[in-house]
2 protein chains.
Amino acid sequence: MPETVVLDATRATTISQILVEVVSASNRLTRVAARRTGNTESPALLRTLSTLIASGPMRIGELAVESRVAQPTMTKLVRTLGEREWVRRIADTADARAWQIAVTKKGERALEEWRESMGAALLPVFADLSDEEADVLARAAAILHARIAGEIGSAASVTGPASSVVEEGAAR
Amino acid sequence: MPETVVLDATRATTISQILVEVVSASNRLTRVAARRTGNTESPALLRTLSTLIASGPMRIGELAVESRVAQPTMTKLVRTLGEREWVRRIADTADARAWQIAVTKKGERALEEWRESMGAALLPVFADLSDEEADVLARAAAILHARIAGEIGSAASVTGPASSVVEEGAAR
DNA sequence: GAATATGCATAGCTGTGCTATATAATTGAC
DNA sequence: GTCAATTATATAGCACAGCTATGCATATTC
């Protein structure tokens, strides 16, 4: 196995190029999806919801890290989500500065409806995928999800049990 | 092969779900990429550039369709691209209302640099992909690109030869 | 040549993202 | 136990990408 360094450099280049193609394809797919669904749904809100559903209630700061946005951005998103009653804020008994953010039933339904409408909107473009192509897409999504989930050292999902049930507005 | 209808419905559901997973993964990947690159580059500008490079000079309206944005959005993007000297506007001799938008060398370089920095930024997260995983991602990107390109009836790339070489600001 | 259609620009809004900074609570040092 | 430093969220204010509605100029059609 000679010239390992050269081989590795080549391989890194190849992987980089593939990643760029994936990002580029993602970028376009996002636009196609936005236009076909009529653009009424917000990716950021749904991303936040699905993070919460996947990992359970967590603090705003943790949510910001998981969702890859700055903390003030997440504060805004959580406010909007709260106004729609898709999440509720639960006081954190261990730290009066913090809140646990939890998805409501309504929020779960909203995400589910979004997934249905997104699937329906994109289906016509992809309906005649071969089984093999469909499999490739499914595996690619799984690979991306796994890598992205693993990208953060630890984060979240460690917070769960410490929260109380005091709703916002109640005496603290 | 009995119950074709039921089977097809099931298959449609499966494909829909896969597509939703792909969109969801894309959405997250976009955020990871934005954060890791330091977020200085704008996806919309680069999407426009790469469309122009792939399909050659075209009108603002065509570019809007290809890039899946509304026409006023594209007008703004083209203005920004022009200010950066990444594109130039060429008068369309066949129609005085229209412009042909063409990428400059500077624009090509900007896209190339973006691709390099994006690849470098994401590589650490994906460096230890197996050859097989890398292949799955590459094929998924190709499938998405092909479908998205095919989604529009015809559009663009039919416009090329009709344009002149009169630069903006020159007598029209 | 007047009416209609088309291509682009402008105005003005919303939402998502950012940084810098404020406020309040917690933690740590002494 | 109090004061300083740190931490969690909120607020302010900005930029940009997206949209719809609409205006303006040029083409096209009858």
Side-chain angles (χ1 to χ4, degrees), chain A residues 27-28 30-49 58-84 87 89-101 155-156 159 162-163 168 172, chain B residues 27-28 30-49 58-84 87 89-101 155-156 159 162-163 168 172:
Chain A
N27 195 346
R28 287 168 195 276
T30 298
R31 292 305 307 150
V32 171
R35 300 229 106 195
R36 293 190 67 93
T37 58
N39 205 18
T40 45
E41 306 288 3
S42 149
L45 298 181
L46 298 159
R47 184 159 30 88
T48 307
L49 275 188
M58 64 181 89
R59 295 178 172 193
I60 285 183
E62 294 166 333
L63 205 42
V65 172
E66 281 266 320
S67 201
R68 272 79 176 179
V69 296
Q71 170 263 310
T73 300
M74 187 49 69
T75 293
K76 267 193 225 174
L77 290 173
V78 166
R79 182 161 57 80
T80 304
L81 288 169
E83 285 165 3
R84 297 196 190 181
V87 303
R89 302 170 81 111
I90 300 174
D92 190 323
T93 46
D95 187 339
R97 295 167 304 179
W99 300 94
Q100 296 287 329
I101 309 301
T159 326
S163 64
E168 183 177 25
R172 301 183 62 186
Chain B
N27 195 348
R28 286 168 196 277
T30 298
R31 291 306 308 151
V32 170
R35 300 229 107 197
R36 292 189 69 93
T37 57
N39 205 21
T40 44
E41 307 290 1
S42 149
L45 298 182
L46 300 159
R47 184 158 32 85
T48 307
L49 276 188
M58 65 182 89
R59 295 178 171 193
I60 286 184
E62 294 167 333
L63 205 41
V65 172
E66 280 267 320
S67 202
R68 271 78 176 181
V69 296
Q71 171 263 308
T73 301
M74 186 49 69
T75 292
K76 264 195 228 171
L77 290 174
V78 167
R79 184 162 56 81
T80 305
L81 287 169
E83 285 165 3
R84 297 195 189 182
V87 302
R89 302 169 81 110
I90 299 174
D92 190 325
T93 46
D95 187 339
R97 296 167 303 180
W99 299 93
Q100 296 286 331
I101 309 300
T159 327
S163 64
E168 183 177 29
R172 301 184 61 188

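Order of the sequence lines fixes the chain letters, A, B, ..., with proteins taken first and strands second; residue numbering starts at 1 for each chain.
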Indicate every side-chain donor-acceptor pair of residues 69-77 of chain B with a distance under 3.5 Å to a residue at least two apart or in another chain.
{"residue": "B:Q71", "atom": "NE2", "partner": "B:T75", "partner atom": "OG1", "Å": "3.0"}
{"residue": "B:T75", "atom": "OG1", "partner": "B:Q71", "partner atom": "O", "Å": "3.3"}

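Considering CZ of B:R68 and CG of B:L63, their distance stands at 11.5 Å, rounded to 0.5 Å. To the nearest 0.5 Å, atoms CZ (B:R97) and CD1 (B:I60) are separated by 13.0 Å.
In this structure, the side chain of B:R35 does not engage the main chain of B:A33 through any donor-acceptor pair within 3.5 Å. Side chain of A:R36 to main chain of A:A34: no donor-acceptor pair is present (N/O by atom type, distance under 3.5 Å, no hydrogens or angles). In this structure a side-chain-to-backbone donor-acceptor pair under 3.5 Å is missing from A:R89 to A:W99.
In this entry the distance linking CE of A:M58 with C1' of D:dT9 reads 16 Å, nearest Å.
From the 5' end on, the contacts that DNA chain C makes with chain A at under 4.0 Å to a non-hydrogen atom open and close at C:dT16 to C:dT26.
Closest non-hydrogen pair, B:R59 versus B:E62, comes out as N-OE1, 2.9 Å.
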Nucleotide-resolved protein contact map, nucleotides 13-22 of chain D, B/S/- at heavy-atom distance under 4.0 Å: B---SBBBB-
Can you tabulate the close N/O pairs, meaning under 3.5 Å, that link protein atoms to atoms of nucleotides 2-7 of chain D?
{"residue": "D:dT7", "atom": "O2", "partner": "A:R97", "partner atom": "NH1", "Å": "2.0"}

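Qualifying side chain to side chain donor-acceptor pair (under 3.5 Å) partners for A:R47, counting only residues two or more places apart in sequence or in other chains: A:S67, B:N27. With sequence neighbours left out, the side-chain contact (heavy atoms from CB on, under 4.5 Å) criterion links A:T37 to A:M118, A:A121.
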Trace of the side-chain contact (heavy atoms from CB on, under 4.5 Å) decision for A:M58 with A:I101: CA-CA 5 Å; A:M58 64 181 89; A:I101 309 301; 5.9 Å; no
